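First up is the structure itself, then whatever we jot down about it.
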Amino acid sequence: MARIRRERPVLLAAILSALAALAAGMNKWVVLVLLLVMILTALFNEAPIIEAEPAPPVEIEPEAPPSRLPEVSATLSGLDIPVMVLSDDASVLFQNRAAEKAFGEVALGAHISARLRSPGVLDMVRETIATNAPNQIEHAERLPSERVYMVRSAPIEFAADERYFILSFRDISEVRRIDRMRSDFVANASHELRTPLASLRGFIETIQGPAKNDLKAQARFLNIMLDQTTRMSRLVDDLLSLSRLELKSHIAPDEKVDLVPLLGHVRDALVPLATDVGVAINLHLPDGKVEVLGDRDELVQVFENLMENACKYGQEGEVVDVWLKNGTGQPVEVSIVDKGPGIPAEHVPRLTERFYRVSIEDSRSKKGTGLGLAIVKHILTRHRARLIVKSEVGKGTNFTVRF
Ligand code: ADP
């Protein structure tokens, strides 16, 4: 505590006055007595002692660090995957634009359950908040479109007093679809090969056993075996075509191909098959060249597959018309039209899937592999062209390729 004594200036003044009095010639004893009186007065005088008021204790609060939330939100807003930031009571503090688009807007501060009702996701969030450990779970959304997400919840590591959690959604729908396609494909391909193989094995055993000495039966069986091996090699050829096409699907072909002679060539090659099934293929071609950018061999394969299908499946109509249209300012179009039984509408969207057939028996009996239209679709995708299918049950089918 600070104490300020006032007596010092008084004493000084007394001494100075005494010296002045002596100098003025006063009696030294009188001066001495006066000096003593002044000293005693000064010492015992109740001179105010000014004590400095104690300053009220000032409690200086440690300055709170600024919240990191705006910084985090700004960073996450640019991400193209849905992301939300949650508080430690699971309310939504921030969601980026991708999250708004995927799940709709949610009022900030609302509990996460206001937007996501999946018990799995909510349990996971609760667990992450309780344990501070990251978790992830697969979650399917039905609306606005069917999607599968890998949802991950994790704490954001900040100073101990700022607890935020991040909820991110990685869209794995496409990965799941491709996985399913791949395993379906392997299952289908093995199944297609297993059937002729089993039949071959059966005939070989018969020829080695019961039909060992029956030359007539052997000749019949060998014919069937030849059919089965031809079927297997067709299937393997188609599978190889598909895999080759997949490898170069991103490279657009740049060769100029004239469709007029190409369609004539395909028709000629199919005459034996068409005659076999009693069908006439009529070409309707314009005069002059009709050129498109393409790969000649691949385009031959497209029109071979489509004309062969029209002959095989539209055989009752007895005629297949092939139109090549090239109006000025219009896209080049090739239409293959049969007057067969047609295709029920529910099958049309799936025709280009691998191994998809309206009737498996019908396709097998016509030496089909179920891969013809899948190959057509692959080639056309590479050519940036479209396949348009119009069919009416009882009237016939029109497959149009639009370049
Ligand atoms: P497939 O080798 O079985 O012919 P595709 O992929 O070429 O396989 O055709 C798939 C299926 O589409 C066929 O099995 C058949 O059911 C149907 N289809 C294709 N073209 C026609 C057509 N012109 N008329 C009727 N059905 C057809």
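What you see below is based on every heavy atom in this structure, not just the backbone, and it leaves out hydrogens, waters and symmetry mates. Treat the numbers as computed from the prediction; the structure is a model and nothing was measured. Whatever order the structure lists ligands and atoms in, that order sets their numbers, starting from 1. Position 1 is the first residue of the sequence; numbering continues from there.
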What protein heavy atom sits nearest [atom], and how far away is it?
atom	result
atom 3 (O) of ligand 1	Ser363 OG, 2.6 Å
atom 16 (O) of ligand 1	Val358 N, 3.1 Å
atom 23 (N) of ligand 1	Asp338 OD2, 2.9 Å
atom 19 (C) of ligand 1	Asn309 ND2, 3.6 Å
atom 14 (O) of ligand 1	Arg357 CG, 3.2 Å
atom 18 (N) of ligand 1	Tyr313 CD1, 3.9 Å
atom 6 (O) of ligand 1	Leu373 N, 2.8 Å

Flag for [Y]-[X]: side-chain donor and acceptor within less than 3.5 Å:
X	Y	answer
Arg382	Ser249	no
Arg163	Asn132	yes
Ser190	Asn188	no
Ser153	Asn135	no

Whether His284 and Trp323 hold their rings parallel, tilted or perpendicular, with breakpoints at 30° and 60°: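 Parallel: the ring planes of His284 and Trp323 meet at under 30°.
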Aromatic ring pairing His347/Tyr356, orientation class (parallel under 30°, perpendicular over 60°, tilted between): tilted
Side chain, backbone, both or neither: the part of Thr397 lying under 4.0 Å from ligand 1 by heavy atom: side chain
Within reach of ligand 1, part of Ile343 (heavy-atom separation under 4.0 Å): side chain
Atom indices of ligand 1, in the order listed, that fall short of 4.0 Å to a heavy atom of Leu351: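 Near Leu351, meaning under 4.0 Å from one of its heavy atoms, ligand 1 has 12 (O).
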Ligand-residue contact atoms, ligand 1 with Gly368, heavy atoms, under 4.0 Å: 1 (P), 2 (O), 3 (O)
contact_flag Gly314 ligand 1 heavy-atom lt 4.0 Å: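 No, that is not the case, since the closest heavy atom of the residue is not under 4.0 Å from the ligand.
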Lys377 atom NZ: more than 12 heavy-atom contacts under 6.0 Å: no
Neighbour count above 12 (heavy atom, 6.0 Å) for Lys248 NZ: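 More than 12 within 6.0 Å, yes.
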Are any of the N/O atoms on [X], whether in the backbone or the side chain, positioned under 3.5 angstrom from an N/O atom of ligand 1?
X	answer
Phe399	no
Gly342	no
Tyr356	no
Gly370	yes

His378 vs Arg354, side chain to side chain contact (heavy atoms under 4.5 Å, CB included): CA-CA, chis, key distance, verdict: CA-CA 11 Å; His378 258 81; Arg354 291 156 187 206; 3.6 Å; yes
CZ on Phe94 to OG on Ser77, rounded to 0.5 Å: 5.0 Å
